[in-house]
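Working notes, structure below.
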Amino acid sequence: MLPSRQDLEEAEVLDRRESAGGEVVLRRRGGHCEVIVNGCFLMDTVDGRSERLLVQAALDALDAPRPSVLIGGLGVGFSLAHAAAEPRWSRIAVAEREAAVIDWHRTGPLGAFSAGALDDPRVEVLHTDLVAYLAADGERYDALCLDIDNGPDWTVGAENDRLYGPAGLAHAAARLNSGGVLAVWGAQPSAAFELALREAGFTGVRTEEVPVERGVPDVVHLARRA
């Protein structure tokens, strides 16, 4: 298949920073922004349908009239903007490890994609590592919407692998209210992760797909805490 025009555009580096997690780069290519972590493409602003589905599918599955949600991480802001546009959410927390990403939304070019959501009084930005945050004792939520990797089978860093295993899923379940929903974004379906969710005691495990222009569809894995 021929490459798209965007693939052929030369990327312009807008910012590059070093953090405890490694190198984080913001690039512009063909009119869109890209986030690169340690040389690994993480996400871009080309098409946010699956990131919006991450939040919407979780909300649609909840019975609570005014639920709360934890989004991990902030990324290019599509998930947060979609959550902030929905008045039903009572509280929206966002866990983001990289200070650079938060800065790019507050004062940089990614603010156009989070659409002022960081100023919403329901929104709290937590500058923290999501894996460590879930493992600690703390507040429970009605929904966890997780998008810090390219999926359970394609993590940005080896330290994130534990999020999708038995211990990580146990920590996620402990942070959910009874009947709460776990939603996990992926760049491709993962039967192994579906099995891991069931083995961790989650119910109603299913995968929703979003077709993309090329390659396998993006997916959102959904499961409920019994």
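Computation of the quantities below employed the complete heavy-atom set of this structure, encompassing side-chain atoms and omitting hydrogens, waters and symmetry-equivalent molecules.
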Report the C-alpha separation of Thr155 and Tyr164 in whole Å, then their side-chain angles, then the decisive distance to 0.1 Å, and conclude whether the side-chain contact (heavy atoms from CB on, under 4.5 Å) test is met. CA-CA 10 Å; Thr155 58; Tyr164 310 103; 3.6 Å; yes
Shortest non-hydrogen separation from [X] to [Y] and the atoms involved:
X      : Y      : result
Ser114 : Ala81  : O-CB, 3.7 Å
Ala223 : Val205 : CB-CG2, 4.0 Å
Val123 : Ala117 : CG2-O, 3.3 Å
Gln56  : His82  : OE1-NE2, 2.8 Å
Arg88  : Leu62  : NH2-O, 2.8 Å
Arg206 : Glu194 : C-OE2, 4.3 Å

Return yes if a side-chain donor-acceptor contact under 3.5 Å exists between [X] and [Y], otherwise no.
X      : Y     : result
Trp185 : Ser50 : yes
Trp104 : Asp15 : yes
Ser19  : Glu98 : yes

Check whether [X] reaches the backbone of [Y] with its side chain - one donor and one acceptor, N or O, closer than 3.5 Å.
X      : Y      : value
Asn38  : Cys40  : no
Thr207 : His221 : no
Asp149 : Gly151 : no

Arg91 to Tyr141, cation-pi by 6.0 Å centre distance and 45° axis angle: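 Verdict for Tyr141: no cation-pi partner in Arg91.
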Steps toward salt bridge (Lys or Arg N to Asp or Glu O under 4.0 Å) verdict (Arg17, Glu23): CA-CA 6 Å; Arg17 303 197 198 176; Glu23 183 187 63; over 6 Å; no
Show, in sequence, the C-alpha distance, side-chain angles and deciding distance for Val35 and Asp44, and conclude whether the side-chain contact (heavy atoms from CB on, under 4.5 Å) test is met. CA-CA 6 Å; Val35 177; Asp44 61 26; over 6 Å; no
If we only count heavy atoms from C-beta on, is the [X] to [Y] side-chain gap below 4.5 Å?
X      : Y      : value
Phe202 : Leu176 : yes
Thr45  : Phe78  : yes
Val13  : Val25  : yes
Leu182 : Arg224 : no
Ile36  : Leu42  : no
His171 : Tyr133 : no
Arg28  : His32  : no
Val220 : Val210 : no

Run the numbers on Asp218 and Glu209 for side-chain contact (heavy atoms from CB on, under 4.5 Å), then give the verdict. CA-CA 6 Å; Asp218 291 345; Glu209 298 186 353; over 6 Å; no
Just verifying a value: how many Å separate [X] [atom1] and [Y] [atom2], rounded to the nearest 0.5 Å?
X      : Y      : atom1 : atom2 : result
Ser79  : Ile71  : OG    : CD1   : 6.0 Å
Arg122 : Ser90  : CZ    : OG    : 8.5 Å
Glu139 : Asn177 : CD    : CG    : 8.5 Å

Between Glu10 and Arg29, does at least one N-O distance fall below 4.0 Å, as a salt bridge requires?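 Looking at Glu10 and Arg29, the cut-off is not met.
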Got a salt bridge between Arg66 and Asp142, using NZ or NE/NH1/NH2 to carboxylate O under 4.0 Å?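 Looking at Asp142 together with Arg66, the answer is no, because their closest N to O distance does not fall below 4.0 Å.
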List the steps, then state whether side-chain contact (heavy atoms from CB on, under 4.5 Å) holds for Ser190 with Val219. CA-CA 9 Å; Ser190 175; Val219 301; over 6 Å; no
